[in-house]
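Remember, it's a predicted structure, so these values are computed and weren't measured experimentally.
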Amino acid sequence: MRRPFITFLAANALSVTGNMLSILAVPWFVLETTGSAVLTGLASFATTFPIVISAAFGGTLVDRFGYRLTSVLSDLVSGLIALAVPALFLTTGLSYPLLLLMLFLRWLVTTPGETARKAMLPDLSLAAGVRIERATAAYDGVYRGAAMVGAPLAGVLILWIGPHLLLFVDGVSFLLSALLIGAGVPRVRRNARDSTGYLGDLRAGLSFLWQDRLQLSATTMVVVVNLLDTGVTQVLLALYAREVVGDPRAFGLLTGVLGAGAVAGTIVYGAAGERLPMRLTYGLCFLLAGVPRVLVLALDAPFPVALAVTALSGFAAGAINPILGILQYDRIPARLRARVIGAMTAAAYAGMPVGGLLAGSLSTLTGLDVTLLMFTSVYVLISAPPFVFRAWRELDRSR
């Protein structure tokens with residue numbers, strides 16, 4: 001039966017679209033109402049820091065409560081909080097501290113749902129008769145496709161209805177996702193497991209990740225890149241669109257073409273990935289996904305050139321998550337799946353709160369171009385491990 005698998009992908013697409021609308025609407029809303037890059041970075045911190053907390057401690061709860069129930073409740077509460085933000089703004093008023101609190105709560109409850117959906121992927125793909133390579137590519141392709149559609153849509157809607165009303169659309173997308181999962185995806189049957197209590201279960205997941213040097217190295221790379229990407233996406237691109245291009249649609253277009261390129265790259269990898277060397281493919285794609293698209297902005301290239309280079313970087317990025325997904329599902333025992341994925345997600349997001357603050361502070365102190373060059377240099381350095389560390393040879397042997 002492939003209907004539950006397709007329904008699952010559709011629900012995840014709605015959830016990701018809602019996230020993308022929020023990611024673009026919130027920084028523009030803060031810039032519009034405060035005019036401060038530092039306050040925009042602080043809003044980014046309030047968006048990303050709760051993800052670290054929730055992913056670190058929520059994965060064990062996902063294993064305990066079940067994937068479907070966690071996904072439905074997470075999306076339901078996230079949608080209601082997202083709807084409350086514009087409702088308060090348009091009625092009684094919304095102070096900046098209250099906005100930060102609501103952003104914190106919204107992302108605190110969103111993350112367990114994402115962990116649950118990622119953990120249920122292998123079981124749903126097996127029931128649907130879809131190979132895990134294609135399933136991970138489909139999952140990532142839908143994720144990136146939703147980002148591709150959501151980003152330019154957000155740019156247009158910001159100009160048309162304003163960032164505060166855009167958050168209404170964000171809330172509705174989460175409510176629809178909860179409905180699809182609850183009504184169209186069956187409960188995943190899990191084998192009985194021995195529990196040593198919450199802390200013992202949490203410790204087991206962290207211990208597994210710590211002992212797997214390859215996944216630990218991959219997670220470290222993602223930590224740094226997510227820090228950089230957060231600063232670029234949530235602060236530097238907004239500043240670039242306002243100060244260099246002078247149009248919020250540039251913000252959405254750059255994010256959107258990155259997603260479009262990634263969707264194309266994911267499709268190509270899903271079709272041909274089995275014939276490619278995993279380590280070399282991952283290393284080259286990781287390098288190309290970050291460096292060119294930031295460097296071209298720092299060099300003040302014409303906007304059409306920036307769009308083209310960003311699309312090519314997105315294409316390279318398309319292979320990264322499917323390879324990481326295959327690595328995770330091949331090496332993580334099913335009984336530990338949600339908590340290990342949660343631990344990896346927490347680690348991957350750990351630097352993101354710093355990314356927004358760092359980008360906002362550096363751009364204020366040194367200017368946009370210098371900050372972009374600094375970020376480019378770090379992108380180059382963090383792309384080295386697949387080419388120089390011995391543990392990465394296991395990635396080729398895993399085929």
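At distances below 3.5 Å, not a single donor-acceptor pair connects side-chain atoms of Ser217 with backbone N or O atoms of Leu214. No donor-acceptor distance shorter than 3.5 angstrom exists from the side chain of Ser177 to the backbone of Asn12, with no hydrogens or angles considered. Checked by atom type and distance alone, the side chain of Ser377 pairs as donor or acceptor with a backbone atom of Leu373 at under 3.5 Å. Between the side chain of Ser363 and the backbone N or O of Ala359, at least one donor-acceptor pair lies under 3.5 Å.
For the pair Val77/Phe174, no side-chain contact is recorded, criterion being any heavy-atom separation below 4.5 Å from C-beta on. At a threshold of 4.5 Å between non-hydrogen side-chain atoms, the residues Val169 and Ser173 do not count as touching. Put simply, the side chain of Thr266 reaches to within 4.5 Å of the side chain of Pro322, judged on heavy atoms. Between Phe286 and Ile382, some side-chain heavy-atom pair lies under the 4.5 Å cut-off. Side-chain contact check for Leu297 versus Arg293: every heavy-atom pair is 4.5 Å or farther apart. Between Phe5 and Tyr139, the closest side-chain pair of non-hydrogen atoms is not below 4.5 Å. The shortest side-chain heavy-atom distance between Phe8 and Leu180 does not fall under the 4.5 Å cut-off. Using a 4.5 Å heavy-atom cutoff, the side chains of Glu114 and Asn19 are in contact.
Looking only at atom types and distance, the side chain of Ser54 has no donor-acceptor partner in the side chain of Trp107 under 3.5 Å away.
Checked options Leu295, Val232, Leu287; the residue passing with Tyr379 is Val232 (criterion: side chain to side chain contact (heavy atoms under 4.5 Å, CB included)). Each of Leu227, Thr230, Leu228 was checked for a side chain to side chain contact (heavy atoms under 4.5 Å, CB included) with Leu358, and the lone residue meeting it is Leu227.
Residues Phe168 and Pro86 share a closest heavy-atom pair of CE1-CB, 3.6 Å. Taking each heavy atom of Pro386 and Tyr282 in turn, the nearest pair found is CG-CD2, 4.0 Å. Counting all heavy atoms, side chain and backbone alike, Pro112 lies closest to Ser74 at C-OG, 4.4 Å.
For the atom pair CG (Leu108) and CG (Leu101), the distance works out to 10.5 Å, reported to the nearest 0.5 Å. Atom OG1 of residue Thr70 and atom CD1 of residue Ile181 lie 11.5 Å apart, to the nearest 0.5 angstrom. Phe375 contributes atom CZ, which lies 9.5 Å from atom CG of Asp229 (distance to the nearest 0.5 angstrom). Distance check: Ser78 OG to Leu105 CG gives 10.0 Å after rounding to the nearest 0.5 Å. Considering OH of Tyr269 and CE of Met278, their distance stands at 4.5 Å, rounded to 0.5 Å. The distance from atom OG1 of Thr310 to atom CG of Leu253, rounded to the nearest 0.5 Å, is 10.5 Å.
Contacts classified as side chain to side chain donor-acceptor pair (under 3.5 Å) and involving residues 84-100 (residues at least two apart or in different chains) are not found. Counting only residues at least two apart or in different chains, salt bridge (Lys or Arg N to Asp or Glu O under 4.0 Å) contacts with residues 152-177 comprise Arg106-Asp170.
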| Trace of the side chain to side chain contact (heavy atoms under 4.5 Å, CB included) decision for Asp75 with Arg117 | CA-CA 11 Å; Asp75 282 351; Arg117 286 188 291 276; 3.1 Å; yes

| task | Apply the test side chain to side chain contact (heavy atoms under 4.5 Å, CB included) to residues Phe387 and Leu284: give CA-CA distance (whole Å), side-chain angles for both, the deciding distance (0.1 Å), then the verdict. | result | CA-CA 9 Å; Phe387 303 105; Leu284 288 176; 4.0 Å; yes

